[in-house]
Amino acid sequence: MDSKLDKGYEPHDVEAHWYAFWESEGLFAAKEEGGDDTYSIVIPPPNVTGVLHMGHALNVTLQDILCRYRRSKGDNVLWMPGTDHAGIATQNVVERQLASEGTDRHQVGREAFIERVWEWRKQYGGAIINQLKRLGASCDWDRERFTMDEGLSRAVRKVFVDLYDQGLIYRGDYIINWCPRCHTALADLEVEHEQTDGKLYQILYPFVDQEGGLIVATTRPETMLGDTAVAINPKDERYEDLTAEKVMLPIMNREIPIVKDSYVDLKFGTGALKVTPAHDVNDFEIGLRHDLPRVKVIGEDGCMTAEAGEFEGMDRFECRKAIVAKLDEMGLLKKVEPHDHGVGQCYRCKTTVEPNLSKQWFVKAGPLAEKAIKAVESKKTRIVPEVWEKTYFEWLYNIRDWCISRQIWWGHRIPAWTCQDCGEVMVRLEDPEKCPCGSANLQQESDVLDTWFSSALWPFSTMGWPDQTELLKAYYPTSVLITGFDILFFWVARMMMMGLQFMDEVPFKDVYIHALVRDENGEKMSKSKGNVIDPLEVIESQGTDAFRFTLASFAAMGRDIKLSVKRIEGYRHFINKIWNAARFTLTNVENNPDAAAKASKSTAIPDRWILSRLNQVILQVEADLEAYQFSSAANILYKFMWHEFCDWYLEAIKPILYREGAEEERNATVATLQRVLNDALVLLHPFIPFVTEEIWHHMPGAEGSIMKAPYPAAVDEAVGLGPDKDAEKEMELVMAAVTAVRNIRGEMNIPPNQALAAIIEPTDDFAKEALARESGLVSNLARLSSLEVGGKRPKGAATAVVDGASVYVLLEGVIDLDKEEARLEKEIAKLTKELVKLDKKLNNEDFLAKAPDNVVEKVRGQQAEMTEKREHLESNLEKVREIHGDQG
RNA sequence: GGGCGGGUAGCUCAGUUGGGAGAGCACCGGCCUUACAAGCCGGGGGUCACAGGUUCAAGCCCUGUUCCGCCUACCA
């Protein structure tokens, strides 16, 4: 072991080295059989096509913090990793590859295409996993899963068959969202609505056997070719006297009925609605109610079908122009006005989605949603922060059936066969060979399932379900799911539904929803704005630990995270600070090799103080992590390490460490120093695993990985670790006195190397004794050449008042009286401002009568303290003015 | 249309049962003080969006106004 640390912390090699070490030592592995205290998390599986972005980084960092923390608490932790096969996205990637080779999937054929996808996966699919490792993720990698794995596929098939048998999956002709580019149906959730400046066209549909007609309005004129009715609201007074029953559909010259339907909005347009059951969700419903024919005029390729007559083959948007021109020519286009409306886009490729009629598979969501709602209502699953519950409920209450079939090749093929002879549909766990009718002419459904269908099973499919494995017994339900709100519906709600349906138990006890770092599609970070921050670049330049600590400190924020490199740099400095504190500590430990062995409990105030502070930090970090208060925990540690341990403690103990002789005292302090750093490293490790592991191995007596070190006990009598109010009070007085002197130095522009003499005049007994005891400490920290405790105010001194004492810094001959006068006036003004507020309170009868006693007492105390302070300052100001007067 | 969140220091944001307004960065001044200049010491800076209300007491609770953002939806 080499205890010499380099001067600055260099994360690069350290990170690679320790990550490999952890893996080779098997420190991430969960015990199969679990045990009493198990803790489990399933990772939100990133897309196999994905590259690490800020969202992953935050998400994974938080999970890693919890897992490492839980291990230190002695739990048996399972963190289940894996990736998602991302049907449409992955297929798109490989299709692009084929296109660059001048071919396409249809030429290649289904089987060969799927082969290609697997090849692609083998070659590139692990990228994101390696990127997660660079973040330090302590997943149990030996258990890594993929939604297309054999085991998971078995689970998918079982779930599909069971739901079908339970009547919760059905197939039918419905309007679905169709992406003409991806050539597949999409679930409602997969459609993004983009506000678009469109046009509203008003078109006259003439009556068949009388003059006049109805004017309908539409944003998609091309769909008129498929109109099979015009609807009006039965309550519409404008049409009370309407006798016509039919209108003539222009261009197509088709007679279509006028139907009455209360869906029609009385206030919109003319109150007459063209009905296209094959290309609009609402029209589809109206069509069902009035038994209207469905004419499909737009095909799956986004071009007009034969039903569109002369427009057959034309692109849908071209057709729109042509139709508008033609109607205008015919004099039927009555009005065109600008119209802002939401246009649906495919979430994968941004192509405008076409509502289209087709045969699809659906999950009947109602019964499943009901259970999912109840589980959260009854707090079997707790959503943190609670505000998200409302969003969750809102969606589930209004849930619609889930279209799960996709017309692509990459995914779980639907286990349904149709008999080509009798038309019988068979949904089976095992591939059927024959139809009950005797025919062997069976054809399997060509559609695959929505990727989210398989990820909905993730919490139990990854643990081996449908087999009743040890893993499931030990680790299901999982302890917590950590995720962003963007997939609350896509994923969380669906996992809840499936988990409850198939495991009869919630998939996770807690759901922690964290903020989102938006990617290139987001508002805050976008490629076009050029403000995207690549996590891997951050890791390269700042180190993983600095990055992780930044993310943890961000975790309390709201919905958006704005990450600046500046901020990360700040935390890189923090990592370096810890590093140097460790260097200092280790040097002193090395200089006193027997310290630990020979030490008795330290009686020195700095030691007692830091141990008392450590006691509180241990408790606070624990409480914060239990409550998912990541940023609070991170900030507590930051403040403790930098501003208490480094700024005060290390400086305070230097005299003890450097003093000749006094070996016993020094041993006690060195032992305390070592202990505090030791415990702090363990507390910090979940946040910054690499640097803590590196330092850990330089600590004398440390064995093995810091990952195996138990979470520090808050109290340890043997070394004096525990609450120590007396020490805190005394140390606070010391710090106040030191700060007072430094303040004078600063304000009077006196360089640190100029020796100063000071006198402290205590004003109460505690301060008198304490300052007498700690005068050496004060004079050292304040860089005083001499300090007299108990003297009176000398001439030519600058003054400061702390709680319990007046501090005089002798500046005879040096003192700038103007400056000193100004300084005191400023202090007095500050105090006066505060005192006015306090006086007002204490003069208020109501406050005295109604506020709790402890609050009144507190305010009284503050008032007394500040009044005394001000009096001292005022008398000092008087004296300064006298001298000033003498001189002037 | 419905719902949700936010407006706190120049910037990015904390502030969890209402009880003396915070951090980081930036800024100003002084320092190479034997762990750290990736540092040390000191300092300035806020009518907590606006207007009311409840309360002894409001950044925090209630009402309204306004600006920004997000989610969701079947007004063509």
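Remember, it's a predicted structure, so these values are computed and weren't measured experimentally. Throughout, protein chains are lettered first and strands after them, A, B, ... in sequence-line order, and every chain is numbered starting at 1.
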When the C1' atoms of B/U16 and B/C61 are considered, how many whole Å apart are they? 14 Å

Is the shortest side-chain N/O distance from A/Arg745 to OP1 or OP2 of B/G29 below 4.0 Å? no

Using atom CZ of A/Arg742 as one end and atom P of B/G30 as the other, report the distance to the nearest whole Å. 19 Å

From A/Thr692 atom OG1 to A/Asp545 atom CG, the distance as rounded to the nearest 0.5 Å: 6.5 Å

If you apply the rule ring pair (Phe, Tyr, Trp, His ring centres under 6.0 Å), what do you find for A/Tyr571 with A/Phe687, and how did you get there? CA-CA 12 Å; A/Tyr571 286 109; A/Phe687 297 85; over 10 Å; no

Tell me whether the side-chain N/O atoms of A/Lys837 come closer than 4.0 Å to OP1 or OP2 in B/A57. no

Nearest-nucleotide pick for A/Glu651, side chain only, options being B/G19, B/G3, B/C36: B/C36

Distance between the P atoms of B/A49 and B/A14, in whole angstroms? 14 Å

Closest approach to the side chain of A/Arg783, judged atom by atom: which nucleotide of B/U33, B/A35, B/C70 is it? B/U33

Which value, in whole Å, describes the distance between the C1' atoms of nucleotides B/G46 and B/G59? 11 Å

Check whether any side-chain N or O of A/Lys390 sits under 4.0 Å from OP1 or OP2 of B/C4, and answer yes or no. yes

When rounded to the nearest 0.5 angstrom, what is the spacing between OH in A/Tyr638 and OG in A/Ser631? 14.0 Å

Distance criterion of 3.5 Å, no angle test: do you see the side chain of A/Glu394 paired donor-to-acceptor with the base of B/U72? no

Quantified in whole Å, what is the C1' atom distance between nucleotide B/U33 and nucleotide B/G42? 15 Å

Choose from B/G24, B/G42, B/C41 the nucleotide whose nearest atom is closest to any side-chain atom of A/His643. B/G24

Listed nucleotide nearest any side-chain atom of A/Tyr263, set B/G5, B/A76, B/U33: B/A76

Atom NZ of A/Lys841 to atom P of B/U55: distance rounded to whole Å? 18 Å

Would you say A/His573 places a side-chain N or O within less than 4.0 Å of OP1 or OP2 belonging to B/C36? no

So, A/Asn233 versus A/Ser262: side-chain donor-acceptor pair below 3.5 Å or not? no

For A/Asn635 and B/U12, what is the distance between atoms CG and P respectively, to the nearest whole Å? 19 Å

Roughly how many Å apart are B/C32 and B/C41, using the P atom of each and rounding to a whole number? 15 Å

Say you pick atom P in B/C74 and the same atom in B/G69; how far apart are they, in whole Å? 23 Å

Return no unless some side-chain N or O of A/Lys830 is found under 4.0 Å from OP1 or OP2 of B/G44. yes

Of the listed nucleotides (B/C40, B/C71, B/G5), which one gets closest to any side-chain atom of A/Val387? B/G5

From the set B/G42, B/C70, B/A35, return the single nucleotide nearest to any side-chain atom of A/Phe485. B/C70

Hey, what's the ring geometry for A/Phe574 with A/Trp642, parallel, tilted or perpendicular (30° and 60° as the breaks)? parallel

A/Lys840 atom NZ is separated from B/G19 atom P, nearest whole Å, by 18 Å

Just how far, in rounded Å, is C1' of B/C74 from CG of A/Asn398? 12 Å

Closest listed nucleotide, where the reference is the side chain of A/Asn749 and the choices are B/C56, B/C40, B/G29: B/G29

Span that lies between the P atom of B/G7 and that of B/C50, in whole angstrom: 12 Å

Rounded to the Å, how far apart are A/Trp648 CH2 and B/G42 P? 7 Å

With a 4.0 Å limit, can you tell me whether A/Trp642 has a side-chain N or O closer than that to the phosphate oxygens OP1/OP2 of B/A38? no

B/U66: pairing nucleotide in any strand, Watson-Crick or G-U under 3.5 angstrom: B/G7

Phosphate oxygens OP1/OP2 of B/G43: is one of them under 4.0 Å from a side-chain N or O of A/Lys826? no

Closest to side chain of A/Asn743, choosing from B/C74, B/G43, B/C36: B/G43

Has A/Ser785 got a side-chain atom pairing as donor or acceptor with A/Leu756's backbone, closer than 3.5 angstrom? yes

Does A/Arg320 make a cation-pi contact with A/Tyr201, if we ask for NZ or CZ under 6.0 Å from the ring centre and within 45° of the axis? no

P gap between B/C27 and B/C11, integer Å: 15 Å

Check every atom of B/C41, B/A35, B/C56 against the side chain of A/Asp846 and return the nucleotide holding the closest atom. B/C56

With respect to the side chain of A/Asn576, which nucleotide from B/G19, B/G39, B/A38 is positioned closest? B/A38

